[in-house]
Amino acid sequence: MFHILEKRLIEAVGRFLRESRQVEIPVVLEQPRQAAFGEIALPVAFGLAKQLRQPPRAIAEALAKEFPAVEGIEKVEIAGGGYLNVRFDRGYYAAALLAGLTDATNEAAGKVIVEHTNINPNKAAHIGHLRNAVLGDTFVRMLRANGRKVEVQNYIDNTGVQVADVVVGFHYLEKKTPAEVRNLAAQPKFDYYCWDLYARTSAYYGSNPEAVEWRRNTLHVIEAGEGELAELGHIVADAIVERHLDTMLRLGIEYDVLPRESEILHLRFWATAFEQLKERKAIYFENEGKNSGCWVMAGSHFREAGDEGEAKVIVRSNGTVTYVGKDIAYQLWKFGLLGKDFHYKPLRTYQSGHVAWVATDEPCDAPAPPFGQGGEVYNVIDSRQSYLQDVVVAGLRALGYAAQAEKSIHFSYEMVALSPRTCAELGIPLSEEDRKKSYVEVSGRKGLGVKADDLIDKLIEKARAEVDSRHPDAPEAERAVVARQIAVGALRYFLLKFTRNTVIAFDIQEALSFEGETGPYVQYAAVRARNIFRKLAERGEAAPDFAAVLDRDALRRQLAAEEFWQLLLAASKAGPALESALKAGEPSHVGRYAFTLAQSFNSFYHDYPVLTESNREKKTFLLWMTDYFRRRLEETLAILGIEVPEYM
RNA sequence: GGGCCCGUAGCUCAGUUGGAUAGAGCGUCUGGCUUCGAACCAGCAGGCCGGGGGUUCGAGUCCCUCCGGGCCCGCCA
């Protein structure tokens, strides 16, 4: 509704200026500095000051006198150096909200592809991976809430060097057969086992340089896809992918399709992309210099104009393709530009019946929905890979796909590091140098980091203690559910409260907090709103028919109280909040909105006892406000992927 | 050497395309539970927005420069 009035205002003011002043300027709306100034501020007078050669204040006064009538707007006032502050007709506005009038969502055409998570399937997921997945998943929920069609992809690099390292560990260090590893892989914490093995193998390379040859050979065999080492690679990667899906499901994160590198190789996606790249002269064969014998992309494609820079090798002199090359092929496929497709088989069915599919190289009986063919592609990848993402986009552009290059968005974010305090707490040894830093980078290679499942377990444990102390009589199973919901709320909110380009110095104390700006704080507000209606029912009272009691005049009477009006206004801005968060590409903005909404409600809850209110109109109004807040809180939390517990 | 990011209250962070008196949370201190359950609320204190220059009627926000910190720049992935 807020948006509707904004649009009306822009339209009316634009026409007014055109007709009365013969000026054509874009009408900009602002949020007044203070809520008491009104709902919308128009700074038009400042823009006109130059053109009309008059002081802004005088222009504002003149404009205010002739200001056109706009439905739903009560009046305009002059303020400050020349602002026109607009006040809504409160009764009109609230009546529209009560009638269920909402801002229309964008029905933009085309599918959006969001790729996130993308964890190397060779070890347990850690806190950094969680940031990626939660950011990606929340962005997906934002897009869907806005009416967009979204496909969630989780790319699996199952033939890469990281998997090879773990295979080396099993085969050369532990001398295990595929059958033995298969047994191990069926154990619950196989990903933890590999976490340690990966670190051990990496360390082994350091002290035994000749072992690096094992790795090279293993990688080669895994890519070819045949032999015992390749079998080991599959066992490891497939099992770990399942563990990752389990971990993410604990946070409510699901996927539509898992494209895999093994299929990119076997289905010769790269060969097809290579032909295109050669044909359209996007890459060239280098005959001299250090890159002699390689196919390279000229630096001018992916750097600032004028900066020739270094060329990027796409195909090595031994004929093998680099990681970026495969990524270009994958990106082409996402847009439906490759002229090839994977085959698919169902990987798992979620509780809702939703199926996650995985790429295969041979057809399967189950009919898969169409994947790929996106109109817009978001790659959720940390900022350290921005150079490579630039190369991928440059590849598209060099192939003549300028439109798709524009629609290829690197949804980048900064890494999660560990606070020194948390390192100490976890018993991670720090060098003299690390101790001085404000944070320490995690390293899978060194086995240095906080495992996702450990963190979730810890959060559940703490939430459970809180729930037990408050609701000792509630059934055990119920308390377990509530504790899990609170833990997930705390974790997801924690990862979302920072803007994307802030490095998170992960501090376990801070993440375990349930007070202040946290997920549980917001959940608590929603629970309180629900409790009021539960108590009402327990008293044998039915929820009133709001529309019957609250006509426009009644609403106007109640909303004459400034506090009520400000609360309602804030709650009514969920739509615009989502829209601006999408525009900015910032899930954290939705989190922040949820928090301020919860703050508003908590103060309302504290100041106005609803159930004991004796005046019928006021009580109905308070109940309506409660209900309105409850719905906005629930909607916003759903976008954040946070559930509302039965009680807290 | 080149590129990207960051520097705002004791700590952790917000701050829309430049706008009115720079905001939260935590922490400190002070008050508030007679169940719509305090995982809450109210209040106090705390700021040369890293330094300097510029553009502008107006700069935390844009430009230049310097200082401090992080990340990237491979025929690894």
Side-chain angles (χ1 to χ4, degrees), chain A residues 28 30-34 37 41 43 46 49-50 55-56 79-83 85 120 157 159-164 215 219 261 290-296 303-304 307 309-310 312-318 320-324 326-327 382-388 390 412 414-415 417 419 437-439 441 463 466-467 470-471 486 490 497-499 501-505 507 509-510 513-518 520-521 523-525 527-536 538-539 580-581 583-584 586 588-589 592 595-596 599 602-603 605-612 622 626 647-648:
Chain A
V28 180
E30 283 176 16
Q31 179 99 315
R33 188 79 195 86
Q34 280 177 40
F37 291 166
F46 296 100
K50 248 181 217 164
Y83 280 98
N85 288 336
N120 269 301
D157 183 7
T159 57
V161 71
Q162 293 212 20
V163 170
R215 169 205 248 175
L219 182 59
E261 180 156 272
K290 61 172 187 169
N291 292 335
S292 179
C294 300
W295 286 89
V296 303
R303 289 177 200 275
E304 291 295 309
D307 175 13
E310 296 254 318
K312 173 68 190 167
V313 172
I314 305 297
V315 179
R316 304 178 187 111
S317 56
N318 67 4
T320 58
V321 59
T322 60
Y323 176 81
V324 197
K326 284 177 272 192
D327 235 24
D382 79 76
S383 64
R384 286 173 291 194
Q385 298 207 45
S386 58
Y387 164 70
L388 293 172
D390 286 348
S412 77
E414 284 288 341
M415 63 174 173
S419 74
K437 293 184 179 174
S438 52
Y439 51 78
E441 197 173 346
E466 299 282 344
V467 173
R470 283 159 226 240
H471 305 276
I486 291 170
K497 70 194 268 193
F498 303 91
T499 51
N501 54 13
T502 298
V503 176
I504 299 180
D507 188 85
Q509 312 262 0
E510 211 183 308
S513 166
F514 297 157
E515 287 163 21
E517 195 193 339
T518 66
Y521 175 91
Q523 288 174 311
Y524 189 54
V527 166
R528 285 174 131 185
R530 281 185 179 179
N531 278 350
I532 290 177
F533 283 92
R534 205 183 30 147
K535 287 281 174 183
L536 188 74
E538 280 172 17
R539 290 169 173 227
S580 78
K583 202 169 154 199
E586 267 298 355
S588 66
H589 289 355
R592 204 155 275 278
F595 177 63
T596 58
Q599 270 184 319
N602 274 333
S603 110
Y605 179 93
H606 184 265
D607 292 345
Y608 304 95
V610 177
L611 297 180
T612 53
L622 292 174
T626 304
Y647 49 80
M648 282 181 77

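Letters go in sequence order (proteins before strands), and every chain restarts at 1.
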If I pick the P atom on A24(B) and the same atom on C44(B), what distance separates them, to the nearest angstrom? 11 Å
Please report the distance, rounded to the nearest Å, between CG in N318(A) and P in C76(B). 8 Å
CD1 of I504(A) to CZ of F498(A), rounded to nearest 0.5 Å, is 5.0 Å
Should the side chain of N85(A) and the base of A20(B) be counted as holding a donor-acceptor pair, with the cut-off at 3.5 Å? yes
Taking the same atom, C1', in U8(B) and in A14(B), what whole-Å distance lies between them? 10 Å
Tell me what E515(A) touches on the nucleic acid: a base, only sugar-phosphate, or nothing, going by heavy atoms under 4.0 Å. sugar-phosphate
Which is true for Q385(A) with a 4.0 Å heavy-atom rule: it touches a base, it touches only sugar-phosphate, or it touches nothing? nothing
Using heavy-atom distances to pick each residue's nearest nucleotide on RNA chain B, tell me which of Y608(A) and A463(A) is more 5'. Y608(A)
Within this structure, what is the CD-CG distance for the pair E261(A) and D327(A), rounded to the nearest 0.5 Å? 9.0 Å
Could you state the atom-to-atom distance from CZ of F514(A) to C1' of A39(B) in whole Å? 9 Å
Distance between C1' atoms of G2(B) and U16(B) (Å, rounded): 32 Å
Stacking between C72(B) and Y387(A), yes or no? Criterion: centroid separation under 5.5 angstrom, plane angle under 30 degrees. no
Without decimals, in angstroms, what is the distance between H606(A) NE2 and A38(B) P? 8 Å
Are T502(A) and T499(A) close enough that a side-chain donor and a side-chain acceptor fall under 3.5 Å? yes
Taking the C1' atom in each of C76(B) and C67(B), what is the distance between them to the nearest angstrom? 35 Å
Is S603(A) close enough to C40(B) that one of its side-chain N or O atoms is under 4.0 Å from OP1 or OP2 there? no
Side chain of F498(A) - closest among U12(B), U17(B), C5(B): U12(B)
Considering only heavy side-chain atoms of E30(A), the closest of U17(B), C40(B), G25(B) is U17(B)
Nearest nucleotide by nearest heavy atom, which residue falls closer to the 5' end of RNA chain B, T320(A) or S513(A)? S513(A)
Are OP1 or OP2 of A77(B) and a side-chain N or O of N120(A) less than 4.0 angstrom apart? no
With a 3.5 Å limit on both atom pairs, tell me what A59(B) is paired to, counting Watson-Crick and G-U wobble, or say none. none
Atom-to-atom span, CZ of R470(A) to C1' of A38(B) - whole angstrom: 9 Å
Taking atom P of C13(B) as reference, at what distance in whole Å does atom CZ of F595(A) sit? 16 Å
Can you tell me how far apart CG (D382(A)) and CZ (R384(A)) are? Round to the nearest 0.5 Å. 4.5 Å
Whole angstrom value for the distance that separates P of C71(B) from CD of E441(A): 6 Å
For C63(B) and G23(B), measure between their P atoms and round to the nearest Å. 25 Å
Polar side chain donor-acceptor pair, R528(A) to N531(A), under 3.5 angstrom: no
Nearest 0.5 Å, please: how far is NZ in K497(A) from CD in E517(A)? 4.5 Å
Ignoring hydrogens and geometry beyond distance, is the side chain of S383(A) in donor-acceptor contact with the base of C4(B) at under 3.5 Å? no
P-based separation of C6(B) from C41(B) [nearest Å]: 31 Å
Within the modelled atom types, does a donor on one side and an acceptor on the other bring the side chain of R592(A) and the base of A24(B) under 3.5 Å apart? no
Minimum-distance nucleotide to L611(A) side chain [options: C71(B), C36(B), A38(B)]: C36(B)
Judged by modelled atom types alone, do N602(A) and Y521(A) share a side-chain donor-acceptor pair under 3.5 Å? yes
Value in whole Å for how far the P atom of C72(B) lies from CG of D390(A): 15 Å
Which is true for V467(A) with a 4.0 Å heavy-atom rule: it touches a base, it touches only sugar-phosphate, or it touches nothing? base
Nucleotide U35(B), atom P - distance to CZ of R530(A) in whole Å: 24 Å
For U21(B), which nucleotide is its Watson-Crick or G-U wobble mate, given both distances must be under 3.5 Å? none
Distance between P atoms of G18(B) and C57(B) (Å, rounded): 15 Å
For C26(B), what is the paired nucleotide under Watson-Crick or G-U wobble rules, both distances under 3.5 Å? G10(B)
When we call it a touch if two heavy atoms are under 4.0 Å apart, what does K290(A) touch: a base, just sugar-phosphate, or nothing? base
